[in-house]
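Residue numbers begin at 1 in each chain, while the letters A, B, ... track the order of the sequences.
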2 protein chains.
Amino acid sequence: MANDRRVDEPAGSAAASSRDRLIAAAQQLYWEQGVSSTTPRQVMQVSGVGQGSLYHHFPAKHELAQAAIAVTVADALATAEGELTSGSPARERLIQYLTRPRDALAGCRVGRLTYEQYVIDDDALNEPVRQYFRRLIALVQDVFAELPGMDEGGSRRRAYAAVALIQGGYVLSRALDEPAALDSAVSGFVDVLNGDAGLP
Amino acid sequence: MANDRRVDEPAGSAAASSRDRLIAAAQQLYWEQGVSSTTPRQVMQVSGVGQGSLYHHFPAKHELAQAAIAVTVADALATAEGELTSGSPARERLIQYLTRPRDALAGCRVGRLTYEQYVIDDDALNEPVRQYFRRLIALVQDVFAELPGMDEGGSRRRAYAAVALIQGGYVLSRALDEPAALDSAVSGFVDVLNGDAGLP
DNA sequence: GTCTATACCATGATAGAC
DNA sequence: GTCTATCATGGTATAGAC
């Protein structure tokens, strides 16, 4: 990555380079079936790039995974940042982040990596995932902190809860094969956030 | 399972049968490193059972996985049921379930299966996972429903939120390599449940 | 940069003796 | 029920020509 002086091409470029097509194919396959289940052969087929080219651009599967995960994390963070730092009132930004339409059955592209042994065993693959959640939680905490009468501990705990809720909603939707499970979980959280609490 | 007439041995039996040791080893390995990463060889080594015995008791890896996952799900459900149907007031039962000490870095033995391609692709493996979450959510919903002024939709949504929160807490703890992340998420949820809401 | 052919190894499973 | 030996497959990577 660091020694790659190639000029960046636009993501939607009509004729993406072999390297970009390999990364895009890997991203898609990782999302659909996980990293360890994705073989170099499959990446070649989906990308339409030959075997020689794959191993020319990436010395091994590991380096391809590193590149693909880095792009996935950067994209996901950019989306969240756009929602959470827009000009809207804090309350609206929070609701917008929580209720954004998500492909619940597909799962979180980043969160699922935490249960992938192939990723866990490899610090270079693990680090982007850690950074993603660190920054996402910080973004959410900053929004909670804008609300009146919120101390630092309170905003911090609520940020962990909000991000965990989304991740767990994905898990429930997948387990139950029920896209609406994530929505139900979010609704329940928003209910209690709205002060319509539950404990006497 | 249905055609197995062998007399059940106590779980903590001094001399467990080969079959039971195989299942126990598989459970442990599935928890530590996932199902697809766990090879029959590893199960043999951990259980101390030879290869011939493994394939005598289980025709293939698939049947071993089925048996091990069934036991894991049954155990996890029994634990949750004990907490959620005890004699304590509803509020206490809920808090007890949410704040039970958990090995956050290890992840949820059941929840992690939702991101395992090996499990997803196999209905026989998938069904116990679905049942686990269906029943767990129902148990939690029943407790919420005991609280005053709670309609059915409200208890349902809160149950989804509570279960999702735990699952997502595991994901965060693993992603951040930070056992306390799950605790923070739970605390944030309990904060808002306590009516100490957040949105103006 | 890209291609085809090939080597290597772990996995998942079978065979057949005891 | 348990053992050892063996096999077939497919994933990962390398070699070397173009």
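As rounded to whole Å, 16 Å separates atom P of dG11(D) from atom CG of Leu64(A). Atom P of nucleotide dG11(D) and atom CZ of Phe58(A) are separated by 20 Å, given to the nearest angstrom. Rounded to an integer number of Å, the gap from CE of Met44(A) to P of dT4(C) is 9 Å. Note: CD (Gln42(A)) to P (dA13(D)) measures 14 Å, nearest angstrom. Look at CG on Leu54(A): it is 14 Å from P on dG11(D), rounded to the nearest Å.
Sorted by first and then second residue, the salt bridge (Lys or Arg N to Asp or Glu O under 4.0 Å) pairs with a member in residues 166-179 of chain B form an empty list; sequence neighbours excluded. Sorted by first and then second residue, the side chain to side chain donor-acceptor pair (under 3.5 Å) pairs with a member in residues 35-44 of chain A read Gln33(A)-Thr38(A), Gln33(A)-Gln42(A), Ser36(A)-Glu116(A); sequence neighbours excluded. Within the structure, the salt bridge (Lys or Arg N to Asp or Glu O under 4.0 Å) test picks out the following pairs touching residues 143-154 of chain A (sequence neighbours left out): Arg93(A)-Glu146(A).
Nearest heavy atoms, Val129(B) versus Ala175(A): CG1-CB, 4.2 Å.
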Could you list the donor-acceptor pairs under 3.5 angstrom formed by side chains in residues 70-85 of chain A, with sequence neighbours left out?
residue  : atom : partner   : partner atom : Å
Thr72(A) : OG1  : Gln27(A)  : NE2          : 2.8
Thr72(A) : OG1  : Ala68(A)  : O            : 3.1
Thr79(A) : OG1  : Asp75(A)  : O            : 3.1
Glu83(A) : OE1  : Arg100(A) : NE           : 3.4
Glu83(A) : OE1  : Arg100(A) : NH2          : 3.0
Glu83(A) : OE2  : Arg100(A) : NE           : 2.7
Thr85(A) : OG1  : Glu81(A)  : O            : 2.6

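Remark: Arg91(A) is not positioned above the aromatic ring of Tyr97(A), lacking an NZ or CZ atom under 6.0 angstrom from the ring centre and at most 45 degrees off the axis. For Lys61(A) and Tyr55(A), the positive end is not near the middle of the six-membered ring at less than 6.0 Å and at most 45° from its axis.
OP1 or OP2 of dT2(C) lies within a sub-4.0 Å distance of a side-chain N or O belonging to Ser18(A). One finds no side-chain N or O of His56(A) lying less than 4.0 angstrom from the OP1 or OP2 phosphate oxygen of dT2(C).
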Scan nucleotides 13-18 of chain C nucleotide by nucleotide, 5' to 3', and note B when protein non-hydrogen atoms come under 4.0 Å of the base, S if they reach only the sugar-phosphate, - if neither.
-> BB----

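Contacts with DNA chain C (heavy atom under 4.0 Å) in residues 21-39 of chain A: none are found.
With rounding to the nearest 0.5 Å, the separation of CD1 in Ile23(A) from NE2 in His57(A) is 9.5 Å.
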